[in-house]
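Data block below; observations after.
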Amino acid sequence: MKQVKKIDYAEYADLLNSQNSIGARREWLAFVRTQLGAEPFFLGFFAGEKLAAILPACALAGGLEAVPKNYTEPIYLAAPDPTGLAEAFSRYLKTNQAFKYCRFSLGGVETVLKLERPFRRVTHVLYTTEAGPEQILTSTVSHKTRNQIRAAYKRSGFSLGPEASLGEFYSLYQAAMRRLRSLAKNKKYFTNLKASFGENMRIISVYRAEQMIGANLVLLKNRLLHLAFSAAKADYFKDYLNDFLYWETIKFGLGRGINIFDFGPSTVSDQSHQHFKAGFGAVPVPIYDLIFYNSINERIKHLLANKFRNLRLRLKKII
């Protein structure tokens, strides 16, 4: 793939919305417009005159950024050529002066492209066949995770309850962020997400004694389930609450014809988080960060913004 150029989303909208992709769908574009004031900037990769792949992206404040949750993946329309796509994209970013900056996290390519640093994050994805839950539990889920799931059902008193309201989920999410001493997104982010996705945003909720103690907020697209946010009460971790919650999320998806479960990104250094997701049979997909600046002012601006954010995180850990 050598030629890269912006394509008209409307021209390819039906094709893109038929794909198992969150970042390419109309609902996500509505969300980024409302939440971020961003506009879609989809790139087409051409082999000769033939469109071979499309990469969803957003133009924001003079820059180019990836979605969703800061990473995106190419949609291949021909035989995948991840190395060729990534190299063409890298050249495009270095030679295109239309953007003040590019902060792009790219998944689904199996090469480091001589980047300044190796990948630091992965997303874990479970690919299933038409098998039912019991077959997946015995043939795909690891022995340890399977035992923990069964233990959670036998002795924990957990149950799948009615879907939580957005307000109930947000309260649980805020508490989890406080426990982790991390920065929570504001509630408007979630209300905008719900307004854009409607019934394709769901909250899988786990209860004990009529109290909600864990929930996964997921986004659906065709045969894909994307786990966008997870929150749970740490008091119940010893009873394998997260194993129960993730397994109920998988069962929820299987009941709706889902066979691709994206459990979301984690850092390479977070081995326990990765091990937990791998226990369900999910495989790691590297996320590569491509960062370019066409202006020294933009470089300084983003450096200061990152320092300020890191300072806020450190203060939360102290307080």
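These values consider heavy atoms only, across backbone and side chains, with no hydrogens, waters or symmetry-generated copies. All figures in this text were calculated on a predicted structure; none of them were measured in a lab.
- Separation of atoms CD1 (I260) and CG (L225) is listed at 10.5 Å; rounding is to 0.5 Å.
- Counting all heavy atoms, side chain and backbone alike, I136 lies closest to L254 at CD1-CD1, 3.6 Å.
- In terms of heavy-atom proximity, A278 sits nearest to H124 at N-CD2, 4.2 Å.
- In this structure, CD1 in I149 is found 9.0 Å from CZ in R146, a value given to the nearest 0.5 Å.
- Taking 4.5 Å as the limit, every side-chain heavy atom of F261 sits out of range of all side-chain heavy atoms of F280.
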Working note: F190 + F229, criterion ring pair (Phe, Tyr, Trp, His ring centres under 6.0 Å); need CA distance, chi angles, decisive distance, verdict.
CA-CA 10 Å; F190 293 91; F229 296 95; 4.9 Å; yes
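- No donor-acceptor pair under 3.5 Å is formed between the side chain of K185 and the backbone N or O of Y189.
- Nearest heavy-atom pair across R26 and A13 is NH2-CB, 3.9 Å.
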Checking ring pair (Phe, Tyr, Trp, His ring centres under 6.0 Å) for the pair F99/F41: CA distance, chi angles, key distance, verdict?
CA-CA 11 Å; F99 299 105; F41 195 96; 4.9 Å; yes
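- F45 has its side chain within reach of L55: a pair of non-hydrogen atoms, C-beta onward, lies under 4.5 Å apart.
- For the side-chain hydrogen bond (donor to acceptor under 3.5 Å, both in side chains) test, no residue two or more places apart in sequence or in another chain qualifies with S159.
- M201 and M212 end up in different hydrophobic clusters when Ile, Leu, Val, Met, Phe, Trp and Tyr side chains are linked at under 4.5 Å.
- Considering only residues two or more places apart in sequence or on other chains, Y92 meets the side-chain hydrogen bond (donor to acceptor under 3.5 Å, both in side chains) condition with N96.
- Below 30°, between 30° and 60°, or above 60°: for F169 and Y173 the angle between ring planes is below 30°, a parallel geometry.
- Screening residues 252-277 for salt bridge (Lys or Arg N to Asp or Glu O under 4.0 Å) gives no qualifying pairs among residues at least two apart or on separate chains.
- With sequence neighbours excluded, no residue forms a side-chain hydrogen bond (donor to acceptor under 3.5 Å, both in side chains) with S21.
- Between L219 and E27, every side-chain heavy-atom pair lies at or beyond the 4.5 Å cut-off.
- The closest side-chain heavy-atom distance from L193 to W28 is below 4.5 Å.
- Under the 4.5 Å side-chain criterion, counting only non-hydrogen atoms from C-beta, W247 is in contact with L137.
- Counted within 6.0 Å of CD on Q271, heavy atoms from surrounding residues, nucleotides or ligands total more than 12; the atom is thus considered enclosed.
- Of all heavy-atom pairs spanning P74 and L106, the tightest one is CD-CD1, 4.1 Å.
- The backbone N or O of L15 lies less than 3.5 Å from a partner atom in the side chain of S18, making a donor-acceptor pair.
- Every residue two or more places apart in sequence or in another chain that forms a salt bridge (charged side-chain N to carboxylate O under 4.0 Å, His left out) with K251 is listed here: E248.
- In the hydrophobic clustering of this structure, F42 groups with Y12; members are Ile, Leu, Val, Met, Phe, Trp, Tyr whose side-chain heavy atoms approach within less than 4.5 Å, directly or through other members.
- Applying the salt bridge (charged side-chain N to carboxylate O under 4.0 Å, His left out) rule to R150 yields no partners; only residues at least two apart in sequence or on another chain are considered.
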Give the intermediate values and the outcome of side chain to side chain contact (heavy atoms under 4.5 Å, CB included) for residues F197 and L220.
CA-CA 9 Å; F197 277 82; L220 308 174; over 6 Å; no
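- Within the 4.5 Å cutoff, side-chain heavy atoms of Y207 are placed close to those of P162.
- The salt bridge (charged side-chain N to carboxylate O under 4.0 Å, His left out) test applied to R223 returns E130, not counting sequence neighbours.
- With rounding to the nearest 0.5 Å, the separation of OG1 in T72 from CD in E65 is 12.0 Å.
- Distance check: T123 OG1 to Y71 OH gives 3.5 Å after rounding to the nearest 0.5 Å.
- Criterion: ILVMFWY side-chain heavy atoms under 4.5 Å apart, direct or through other members. Under it, L217 and L172 are not part of a common hydrophobic cluster.
- For Q274 (side chain) and V268 (main-chain N/O), a donor-acceptor pair under 3.5 Å exists by modelled atom type.
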For F252 and I258, run side chain to side chain contact (heavy atoms under 4.5 Å, CB included): C-alpha distance rounded to whole Å, both residues' side-chain angles, the deciding distance at 0.1 Å, then the answer.
CA-CA 9 Å; F252 170 88; I258 299 293; over 6 Å; no
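- Remark: the backbone N or O of Q135 is paired with a side-chain donor or acceptor of T138 at under 3.5 angstrom.
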From CA spacing to verdict: ring pair (Phe, Tyr, Trp, His ring centres under 6.0 Å), Y153, F158:
CA-CA 7 Å; Y153 277 91; F158 300 153; 8.9 Å; no
Please set out all donor-acceptor pairs under 3.5 angstrom arising from side-chain atoms of residues 234-242, sequence neighbours excluded.
unit_1, atom_1, unit_2, atom_2, d
K238, NZ, D235, O, 2.9
D239, OD2, R208, NH2, 3.1

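- A tilted orientation is assigned to the rings of Y101 and Y293, their planes being inclined by 30° to 60°.
- Within the model, atoms CG of N222 and CZ of R25 stand 7.0 Å from one another, a figure rounded to the nearest 0.5 Å.
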T145 vs N147, test: side chain to side chain contact (heavy atoms under 4.5 Å, CB included). Steps then yes/no.
CA-CA 5 Å; T145 301; N147 285 344; over 6 Å; no
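- Relative to the ring axis of F46, K5 places its NZ or CZ within 45° and under 6.0 Å from the centre.
- E168 meets the side-chain hydrogen bond (donor to acceptor under 3.5 Å, both in side chains) test with S165; sequence neighbours excluded.
- Here side-chain hydrogen bond (donor to acceptor under 3.5 Å, both in side chains) pairs that include residues 30-49, with residues two or more places apart or in two chains, are R33-E39, Q35-N192.
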Go through the steps for T191 and L166 under the test side chain to side chain contact (heavy atoms under 4.5 Å, CB included), then give the verdict.
CA-CA 8 Å; T191 56; L166 195 54; 3.8 Å; yes
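- The shortest side-chain heavy-atom distance between S266 and V122 falls under the 4.5 Å cut-off.
- For the 3.5 Å distance criterion, the side chains of N216 and T249 qualify, holding a donor opposite an acceptor.
- Remark: F89 pairs with F104 by the ring pair (Phe, Tyr, Trp, His ring centres under 6.0 Å) rule, at least two apart or across chains.
- A pairwise comparison of heavy atoms in V206 and L245 identifies CG2-CD1, 3.6 Å as the closest pair.
- To the nearest 0.5 Å, atom CD1 of residue I54 and atom OH of residue Y76 are 12.5 Å apart.
- Scanning for ring pair (Phe, Tyr, Trp, His ring centres under 6.0 Å) contacts around Y127 gives an empty result, with sequence neighbours left out.
- A pairwise comparison of heavy atoms in R121 and S105 identifies NH2-OG, 3.0 Å as the closest pair.
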